[in-house]
There are 2 protein chains.
Amino acid sequence: MQRRSEYRPRLVSYVLNNKKEGRISKEITAKIKQAAIDLNYQPNHIARSLQAQKTMTIGLIVADIANPFSSQIARIIEDEAQKAGYSVIFGSSDEKASKTEKLIKLFLNRQVDGFIIAFPENTQTQAQYLKQIGIPFVMIDRYFPEITSNCVSINNYSAAASAINHLLENGRRKIGIVTYATALHHLNERKRGAIDLLGDDAAVGEIRIDHVAEDVAEAIAGFLALPEPVDAVFFSTNLLTVAGLKYLNSLNVKVPDQVAVVGFDETDAFDLFYAPVSYVKQPMTDLGREAVNLLLETIDDSSLQKSVTLDTELVARQSSVLLR
Amino acid sequence: MQRRSEYRPRLVSYVLNNKKEGRISKEITAKIKQAAIDLNYQPNHIARSLQAQKTMTIGLIVADIANPFSSQIARIIEDEAQKAGYSVIFGSSDEKASKTEKLIKLFLNRQVDGFIIAFPENTQTQAQYLKQIGIPFVMIDRYFPEITSNCVSINNYSAAASAINHLLENGRRKIGIVTYATALHHLNERKRGAIDLLGDDAAVGEIRIDHVAEDVAEAIAGFLALPEPVDAVFFSTNLLTVAGLKYLNSLNVKVPDQVAVVGFDETDAFDLFYAPVSYVKQPMTDLGREAVNLLLETIDDSSLQKSVTLDTELVARQSSVLLR
DNA sequence: CTGAAAGCGCTAACAG
DNA sequence: CTGTTAGCGCTTTCAG
């Protein structure tokens, strides 16, 4: 941890950067390297950051790092960033605009080189602010159609449509859709993708994010009490899917016999359900990788403006198979 | 983002620190604060860190941030750290000593004020090194009995014992134990807590961490092929529990009729299983909170040496109820 | 090729 | 009360 050496000034720069310019004789090079090892020299990244105006740090803002979707993405981002020498500092927004704003300020003060953010509702201002001050950032998962900026997301509309089509092809007639009551565009695209295929036949339950269990129960109870009860439910989110399955269990409704189910995102819970749950699988690895790469490109060329849209895969299993 | 003001030098220090010493007249105070707002002054945390020799950053090293146990802990740590003005930089060790070493070096270079680490196997050297250089750190979840240092963990021995006792009380006679083949002390304590109650009656399966599905299947198959087949299985980890349940499902073994199950740690999957799974519940919030608090205390007083051991709770549900 | 010096933005110390 | 200065550890620049 100590430094102090007879060669202070350019030693560090040399040892670390192998600079061509200002070449140093081979013997002194060796001597310096040896000295660095002997003294267990450890560069002070902070000092370097201050002078370079670059911290090699990415600020990651997710909804909640404890949510599997967020943490899986975080893991990929960690790995991908690390390959390029970047570290990741993270924060959870809890879907709150105010927390998002605080985290952005904080990370900005900490001089992160760029952001990867899953923006909550009503944070257009924050996105605009980042654009305005010209700091590199990429929106992941969520995005604002009215703000053109770097963005990595899935094709939400067709992802939902594929789930509904699958249910229709498997003989389901009356399909319930469970989604959040939200202004989040990506979720509304999922809703639209589903409804466009169903028209008036669609039953829609809109769940308040802070009353998930309660509202999901109410929505499904409503679906089942319809004159023509639903024979399938599509959930637009993993949390909603889990909540929905719990409620169906508590009602002793048989999946898929009475109600078929298609969920969104992957979780172990889907495998363990007595009828393994069909779901829309997001390309997590690609999402994370593309986000980091796009950010790094933007750090290099701040004028960049690119949108990456990835396709999903429908994993069909027992929870939605054809009725016999 | 720009600074530049007529009051450069002590403005910043004052505005930010509200220092008592070197008091400033009220009017100039107001003027300075106004100027800070007008210029949208944002302190440069990096510069401050360099001079203060303090980054207000905690390095968190977990096994894998994508694992729910890690990410739940990370979330608590984030919140708790934030209350004290700290940010969290994280890395996943993948249970590899080499990755752990790299991350420690990296975070050290980045001048973190302290570490919270879930040490993998064979990283005693790393822990010793941290002790030796005198940087504050606390071990979480995992620890080395031979290294006295700050540590927050659960009482693994009695946690496992409580699970076994519960199974015995519910009429189970032959209990299988599924755990990792590992040098990790906390897992071996769980094993010991279980075996001490069972003696020769225990059937033990030791799973290689990189062959979980395969080895779990083999272990359980073995349990069931015993002259006296097991009527219960205790899993020492959430990943093992999930793998075990999947395999039992594939065998069409009925839980709890044929085999009772107690798992470790919580996950949504346990709720959705047709027989909600009993499990040893770790006090996640307390674990995270204590870890941060202990670290902060150690940052204040580096001579501190404290071990916090927390108790677990057995959540008994249908997967292990009394046979009728 | 190698020393010396400046400066990144901040805070602490020391004079006015 | 307020202005000036030095220095955190690094890299870049400018002289030798």
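Per chain, numbering begins at 1; letters A, B, ... match sequence-line order.
- We find that CD of A:Q51 is positioned 18 Å from P of C:dA5, with the value rounded to whole Å.
- Straight-line distance from the NZ atom of B:K54 to the C1' atom of D:dG9: 19 Å, rounded to whole Å.
- Between the CZ atom of B:R110 and the C1' atom of D:dC8 there is a distance of 18 Å, given to the nearest Å.
- For the pair B:G59 and B:F107, the tightest heavy-atom approach, listed with the atom from each and the gap, is CA-CD1, 3.8 Å.
- Taking side-chain N and O atoms only, B:Y41 has no distance below 4.0 Å to OP1 or OP2 of C:dG9.
- At C:dT11, none of the side-chain N or O atoms of B:Q53 fall inside 4.0 Å of OP1 or OP2 (strictly under the cut-off).
- As a whole-Å value, the separation of B:N44 CG from C:dT11 P is 10 Å.
- Side-chain nitrogen and oxygen atoms of A:R48 include none within less than 4.0 Å of the OP1 or OP2 phosphate oxygen of D:dG9.
- You'll find the side chain of A:I61 stays beyond 4.5 Å of the side chain of A:F90, heavy atoms only.
- In summary, A:D94 and B:R75 engage in a salt bridge, as defined by a charged side-chain N under 4.0 Å from a carboxylate O.
- Atoms NE2 (B:H45) and P (C:dT11) sit 10 Å apart, rounded to a whole Å.
- Rounding to whole angstrom units, CD1 of residue B:I46 and C1' of C:dT11 are separated by 16 Å.
- Ionic pairing of A:E78 and A:K83 is not present here: no N-O contact between side-chain nitrogen and carboxylate oxygen is shorter than 4.0 angstrom.
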